[in-house]
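Report on one structure; see the data block that follows.
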Amino acid sequence: MEFWLQQNSDKFQLPVKPSDYTVSVAHKNTVVNVIQVGDVNLIGNTGLREISLKSFFPAKDYNFSNNAGRKQPLTYVEKIESWRKSGTPIRVIITGTLNMEATVESFVWGEQDATGDIYYTCNIKEYKKIKTKRATVTIATVKPTVRATKPQATNTARTYTVKRGDCLWKIAKQFYGSGAQYTKIYNANRDKIKNPNLIYPNQVLTIP
């Protein structure tokens, strides 16, 4: 059995295997109190696995340690500290038993004697990636309502200058095709015509 810690392509094997390890996981159940029933346990989802690794980084070769490529104790400490602070998950591998992404929750280390060996406790918690779906946002465009506007009424009134021999009947027949329409001209020019039978040359009449 081998113990490995890895972040991306950077990895190392623990030179001295932990004498024991325990993987713990809790289930996120919820207890509610129901009237006339009492406490009811509502089953939730599983929690995150946690593992605590305890061992030491040797300052010299021991017959029980993995001495191939062994580094100085502080080199391992600095590596784990940099991973802990990086904000990027690591991978913990126990060959044949466990392989999971995780975060370094705490790392306690120090010397216990004058050998230069550094003893440590590394608490690790499982890390789960959250897969999110990209939301598609559709923005509806509303065409502004164009209120139809009525065209302004144009003034179609015309004017006519009275000539010698004219009368309202003759003028109405000229413009309307019927002399009987003379009352239109009379009503439009009451300010100028007092008697529809009397009009005078050079009067300017409005022809509605």
Side-chain angles (χ1 to χ4, degrees), residues 6-11 24-50 81-93 99-106 123-208:
Q6 175 180 355
Q7 187 181 73
N8 300 321
S9 60
D10 192 7
K11 64 181 180 180
S24 62
V25 61
H27 214 78
K28 300 298 182 181
N29 299 332
T30 303
V31 176
V32 296
N33 189 274
V34 180
I35 298 175
Q36 297 182 348
V37 175
D39 287 348
V40 175
N41 193 10
L42 302 180
I43 299 176
N45 295 321
T46 186
L48 299 174
R49 290 175 290 178
E50 297 183 36
E81 278 293 291
S82 67
W83 289 352
R84 182 181 65 83
K85 298 174 182 177
S86 68
T88 302
I90 66 170
R91 183 169 294 278
V92 56
I93 301 170
N99 186 333
M100 73 176 186
E101 278 197 298
T103 55
V104 178
E105 295 296 299
S106 65
N123 294 312
I124 297 171
K125 180 179 288 187
E126 183 179 10
Y127 173 80
K128 290 183 179 179
K129 291 182 180 179
I130 299 176
K131 295 181 179 180
T132 57
K133 294 183 178 179
R134 181 175 295 179
T136 302
V137 180
T138 303
I139 301 175
T141 57
V142 180
K143 293 183 178 180
T145 302
V146 179
R147 183 174 296 176
T149 56
K150 294 182 180 180
Q152 293 183 347
T154 56
N155 187 2
T156 58
R158 296 158 289 181
T159 60
Y160 177 77
T161 302
V162 179
K163 299 181 180 63
R164 186 178 297 276
D166 281 341
C167 64
L168 292 183
W169 184 281
K170 179 180 178 181
I171 297 171
K173 185 173 179 61
Q174 177 182 338
F175 284 97
Y176 306 130
S178 172
Q181 299 292 325
Y182 77 92
T183 54
K184 291 183 179 180
I185 301 174
Y186 172 63
N187 291 330
N189 294 275
R190 282 181 175 274
D191 59 329
K192 303 170 186 175
I193 303 174
K194 303 303 181 183
N195 186 336
N197 296 317
L198 296 174
I199 59 176
Y200 305 96
N202 299 322
Q203 278 184 306
V204 180
L205 305 179
T206 298
I207 309 299

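All residue numbers refer to positions in the sequence shown, counting from 1. Keep in mind it's a predicted model, so treat the numbers as computed, not measured.
Of all the heavy atoms in Lys192 and Thr206, the pair that sits closest is NZ-OG1, 4.2 Å. Nearest heavy-atom pair, Ile93 versus Gln6, reported as atom, atom and distance to 0.1 Å: CD1-OE1, 3.9 Å. Between Gly47 and Val25, the shortest heavy-atom contact is O-CG2, 3.6 Å. When all heavy atoms are compared, the tightest approach of Tyr176 to Pro208 is OH-O, 2.8 Å. Contact between Asn189 and Val204 at its shortest, heavy atoms only, is OD1-O, 4.4 Å.
Ring centroid separation for the pair Tyr160 and Phe175 comes in under the 6.0 Å cut-off.
Asn8 places no side-chain N or O within 3.5 Å of a backbone atom of Asp10 that could act as its donor or acceptor partner. Looking only at distances, no side-chain donor or acceptor of Glu126 sits under 3.5 Å from a matching main-chain atom of Leu48. Using a distance-only test at 3.5 Å, with no hydrogens or angles considered, no donor-acceptor pair links the side chain of Asp166 to the main chain of Val162. Judged by distance alone, the side chain of Gln203 and the main-chain N or O of Tyr200 form a donor-acceptor pair under 3.5 Å.
Within the 4.5 Å cutoff, no side-chain heavy atoms of Lys173 are placed close to those of Lys170. Between Val40 and Asn33 the shortest side-chain heavy-atom distance does not fall below 4.5 Å. For the pair Met100/Val92, a side-chain contact is recorded, criterion being any heavy-atom separation below 4.5 Å from C-beta on. Between Pro201 and Lys163 there is no side-chain heavy-atom pair separated by less than 4.5 Å. Within the 4.5 Å cutoff, the side chain of Val104 has no heavy atoms near those of the Asn123 side chain. Using a 4.5 Å heavy-atom threshold, the side chains of Thr103 and Ile90 count as separate. You'll find the side chain of Tyr127 reaches within 4.5 Å of the side chain of Lys129, heavy atoms only. Proximity of Ile185 to Ile207: side-chain heavy atoms (C-beta onward) are separated by under 4.5 Å at one or more points.
Around the NZ atom of Lys128, the shell of radius 6.0 Å holds more than 12 heavy atoms that belong to other residues, nucleotides or ligands. Atom CZ of Arg190 sits in a crowded spot, with more than 12 heavy atoms from other residues, nucleotides or ligands closer than 6.0 Å.
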Worked verdict on Leu205 versus Thr159 for side-chain contact (heavy atoms from CB on, under 4.5 Å): CA-CA 5 Å; Leu205 305 179; Thr159 60; over 6 Å; no

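Note that CG of Asn197 and SG of Cys167 are 9.0 Å apart. Values are rounded to the nearest 0.5 Å. Here the straight-line distance linking atom CD of Gln174 with atom CH2 of Trp169 works out to 15.0 Å at 0.5 Å rounding. A distance of 12.5 Å separates CD1 of Ile124 from CZ of Arg84, quoted to the nearest 0.5 Å.
A donor-acceptor contact closer than 3.5 angstrom is absent between the side chains of Gln181 and Thr183. The closest side-chain donor-acceptor pair between Thr88 and Gln7, if any, does not fall under 3.5 angstrom.
Applying the side chain to side chain contact (heavy atoms under 4.5 Å, CB included) rule to Asn29 yields the partners His27, Asn41, Ile43; only residues at least two apart in sequence or on another chain are considered.
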